[in-house]
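Worksheet: one structure, shown below.
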Amino acid sequence: MLLNQIHGAVSKLYSRSSAIKNQGGSEYPPFLLFAEHERIVDLKHLYLTGAALISVCLITNISCGTVSEADTWLISIDNSTISVSEAAYAWIMLSPEQQNYFIQRGDHVNRFIVSLARKKMVIREIHRLNYLQRPDVIALGNAWIRRQASLLARETIIAAAEESITEDDINYFKDHMGTTVWYTVLPESPGEMLSGPAHLPELSRELAVHLDSMNPGDELPLSDGTLIRYDSVVVTDPVLVSETLENSERVTDFALQRLSAARGKADLERIADSILSAAEPGISDTAISDLTLYYSGLEDLIPEDSIVISRYGIMTSSDFEQEIEYQSGFMPVQPYDAVWLEWFIDITLLNDALMHYFVAVNPEQYANLSVERDAWMLSIASDKLFSDEVYSVIGITPELIRDEFDNLIEIPIIPEKRSIQCVQIQSDDVYAYETALSEANGVDSIIEGCGFWKLLSEDNPPSNITRLLLMEEIPGFRGEEVFAMLPGDTVTWSSLSSLFEDYEYMAFRLVEIYPPHTATFEELEEDLYQTVRVRLEEERTSVWLEELGEKYSLVINEDLLPSLPSDPALWITY
Amino acid sequence: MRFILILLALALVVYANSETTDVDFVRGSVGGNGSDAFLDELDYIDLEALGGSVRCVGVGFDGANFWVSDAQSGGGPLWIHVIDGVTHNLITTFDQYETEGWGLRDLCCDGTYMFGSQDNEVDYYDIGTYDYAGYYICNAVSPNRAQGWDGTHFYTGSGSANVYQVTWDGVSGSTASYTTWSTAVTNGKTYGAAWDAYNDCLWVSTNNYDYMIYQIDSNGDLIADHTYNIEIAGGCTPGIYSGSYDNQLWVLEQGSPDALHCYETAPLALEPDSWGSIKTLF
């Protein structure tokens, strides 16, 4: 709400500002230049800053009654202009991190103005090519708003649960604190469900009272007929309970937190179940199987395959491809694994249900989220456009990489590498290892079966002999020790060093040394590939942006730019 | 982790020698990939640069700040560092209450207290005052190394495949009840736990030198084991990252240096300089 008020205040201020100063046929009101910004927290900060600055500037301009350079055009795109003051507003609306991006790279005024102009061209290109209507962009937008709305739904539900906690609830909690129960729902039936251990006062009041009225072994139905069997109980020492209850304030806070969490969790499940029951989602096992095969690289994607059909609509394989891409921004994903995919579909449906709940209970806030979603989609669309115009255009051939190598002014030296045999000794085996060190061939029997660094091995199956390693790659922080060993000493096993806390130790012996040498093409090939790729991408980007500049008749007022203060925030009144 | 850093350093040297001076990152796609998307970092905190020792082991998040347990070897009490979740500045360091050796391992917060354990007792501290507030006993395992909290139950485990679900009644000094909730950590090296409320699952970090982290559903069944770039993990926790107030998974790496890593999973691609400047404005 506060954010809306601030937003409204800034908008009103801007309307006033435009009415006073709008002379250049500007295409974008300054505030809207960055209305696409996606982070609420940043916006809150920026709106506050912007409102304060705009207020000061308005007062200054109105009181002076002058027309300054602030109204002069700075950027022209297809005869629409962005004025000096509008560019200043755009700068002010950036977060400190965004401003620092330009400041730290030097020549920040030119860099910022050029980037601002290019951004506007990119947005025009996005609209011209209908990127915002692309199914993948729309699906990503749906994923974004589902996540945000379901997170807010959770907060709403937990907050409502907390508000519902009464003094009586707290007193009941305190009266029964320390009682832990085990019970069975629908005992000896197909739906039997064992529950517990559960802290009695954190159960629903009806169930808690019900169990409290029974003795272990009793079976009695709840008011809805559900049969409950009271299995067992553990009661904490009353002296300890009394001592804890002495700090009444702390226990009250604790009770409030626990009851809110328990009640909120129950409410959340009830709400989601209710919505999902009404939606009647049907999930296609065949379509899930097809999708896992796609992610396994065994089949093509069948975009129109219906994964979920419900009263809210259909979610296809194509939709889930985007859902998974979005999810991969937050957690590891394994869509080629049917177990993971089925879990992910369930979670998506749960969050979809919570989003529908949020739309129903808080339509205003959802509308605000939709605005943010649109801004986020614009950013995603720009990535897609860039990928299509740059990434998918460049071609990196083996000849290009070879040329890069041949043109290196100085071929780097690869430092010495060493291979070792190394194992992880458990604390129980330390004595045996140290005893074996003094016996010929004794160590072999000890290290057999010990753990080792599988990822350092080149063997198949992996062995406890590593590939050639740089000093920094030696595990257990023993690189200096390994590299200090005499080259011919390949039989002496090392002393033990603690690896992890005090229950695991490392032992090693030297196996092989590969001396420093001039890098070969093969050793540098991967890095050279990256170098060539970055260079070609930059070259292609420049060409594409030049093309856009011509297409949209981009002109920057280079006569004016050098005379402007180095702090763009000052341009408002310049 | 170290050899990955070396490769990264080599790559950066190569990039530095090219014309491109701005190295920015953009998310790529996971479509059609047969392997797990490699975890990429959203955020990073060098604990040793903040005054932590090489013996940082656990991490929890109190809703605003990270708490890191540190078994410093310089003598005297062991430490807990409190680090601002947004700025990543050190707020304070205070002493653990009567711990020794490696002290408290992984940490977790229930909204009121921060919990950690060095044996079969789980100590808890007031997150407002940093005061030691009490303990409970849990005989599931010693120490109760991993610490996670889902709003109702704690989750713990130590150096095995087992993860235990723990019910504590809130009484200081009481003995908590527990069940063996999961045996899904197949590398057998449970170290840290973090409940992911949004995805309704538990993440378990491990120290088996195999770069594995486990994702377990609310029934204790394995959803997936994932490969990432931490060889030896300590604890883990959900927490905010500096780019967003959304919770992300943070994992403590016991490496060089000890550090907190915040992950996303989409593969990264280097962006050209000019496009990086434009994208900064979106």
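Residue numbering restarts at 1 for every chain, and letters A, B, ... go by the order of the sequence lines. This structure is a prediction, so every number in the text was calculated from the model and none was measured.
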Measuring from atom [atom1] of [X] to atom [atom2] of [Y], what distance do you get when rounded to the nearest 0.5 angstrom?
{"X": "Thr167(B)", "Y": "Leu200(A)", "atom1": "OG1", "atom2": "CG", "value": "12.5 Å"}
{"X": "Asp169(B)", "Y": "Thr180(A)", "atom1": "CG", "atom2": "OG1", "value": "5.0 Å"}
{"X": "Thr280(B)", "Y": "Phe112(A)", "atom1": "OG1", "atom2": "CZ", "value": "11.0 Å"}
{"X": "Phe254(A)", "Y": "Asp110(B)", "atom1": "CZ", "atom2": "CG", "value": "6.5 Å"}

Set of residues satisfying ring pair (Phe, Tyr, Trp, His ring centres under 6.0 Å) with respect to Tyr124(B), sequence neighbours excluded: Tyr113(B), Phe115(B), Trp168(B)

With sequence neighbours excluded, residues passing ring pair (Phe, Tyr, Trp, His ring centres under 6.0 Å) with His153(B): none

Under 4.5 Å from any heavy atom of chain B - which part of [X]:
{"X": "Ala117(A)", "value": "neither"}
{"X": "Gln424(A)", "value": "side chain"}
{"X": "Asp237(A)", "value": "neither"}
{"X": "Val251(A)", "value": "neither"}
{"X": "Leu240(A)", "value": "both"}
{"X": "Phe102(A)", "value": "side chain"}
{"X": "Ser150(A)", "value": "side chain"}
{"X": "Asp300(A)", "value": "neither"}

How far apart are the closest heavy atoms of [X] and [Y], and which atoms are they?
{"X": "Tyr101(A)", "Y": "Ser277(B)", "answer": "OH-N, 3.2 Å"}
{"X": "Thr179(B)", "Y": "Pro197(A)", "answer": "CG2-CD, 3.5 Å"}
{"X": "Gly151(B)", "Y": "Ala261(A)", "answer": "O-CB, 3.3 Å"}
{"X": "Trp182(A)", "Y": "Ser177(B)", "answer": "CH2-OG, 3.4 Å"}
{"X": "Phe282(B)", "Y": "Leu378(A)", "answer": "CE2-O, 3.9 Å"}
{"X": "Ala224(B)", "Y": "Trp340(A)", "answer": "CB-CD1, 4.0 Å"}

Select one option (side chain, backbone, both, neither) describing which atoms of [X] are under 4.5 Å from chain A's heavy atoms.
{"X": "Asp221(B)", "answer": "neither"}
{"X": "Asp210(B)", "answer": "backbone"}
{"X": "Ala176(B)", "answer": "neither"}
{"X": "Val166(B)", "answer": "neither"}
{"X": "Gln215(B)", "answer": "side chain"}
{"X": "Tyr191(B)", "answer": "side chain"}

Donor-acceptor side-chain pairing of Thr112(B) and Asp253(A) below 3.5 angstrom: no

Donor + acceptor pair across side chains of Glu231(B), Trp453(A) (<3.5 Å): yes

Leu455(A)/Tyr211(B) under side-chain contact (heavy atoms from CB on, under 4.5 Å): CA gap, chis, key distance, verdict: CA-CA 9 Å; Leu455(A) 297 178; Tyr211(B) 302 89; 2.5 Å; yes

Exam field: side chain Glu202(A) to backbone Thr152(B), donor-acceptor pair closer than 3.5 Å: no

Residue pair Trp275(B), Glu389(A): steps toward the side-chain contact (heavy atoms from CB on, under 4.5 Å) verdict: CA-CA 12 Å; Trp275(B) 182 244; Glu389(A) 294 291 345; over 6 Å; no

Trace of the side-chain contact (heavy atoms from CB on, under 4.5 Å) decision for Ile278(B) with Leu545(A): CA-CA 11 Å; Ile278(B) 297 168; Leu545(A) 292 172; 3.9 Å; yes

Verdict with supporting geometry, Leu281(B) and Arg118(A), side-chain contact (heavy atoms from CB on, under 4.5 Å): CA-CA 10 Å; Leu281(B) 297 178; Arg118(A) 286 172 167 174; over 6 Å; no

Most chain B-contacting option - heavy-atom pairs closer than 4.5 Å, from Arg258(A), Gln322(A), Lys454(A), Glu342(A): Arg258(A)

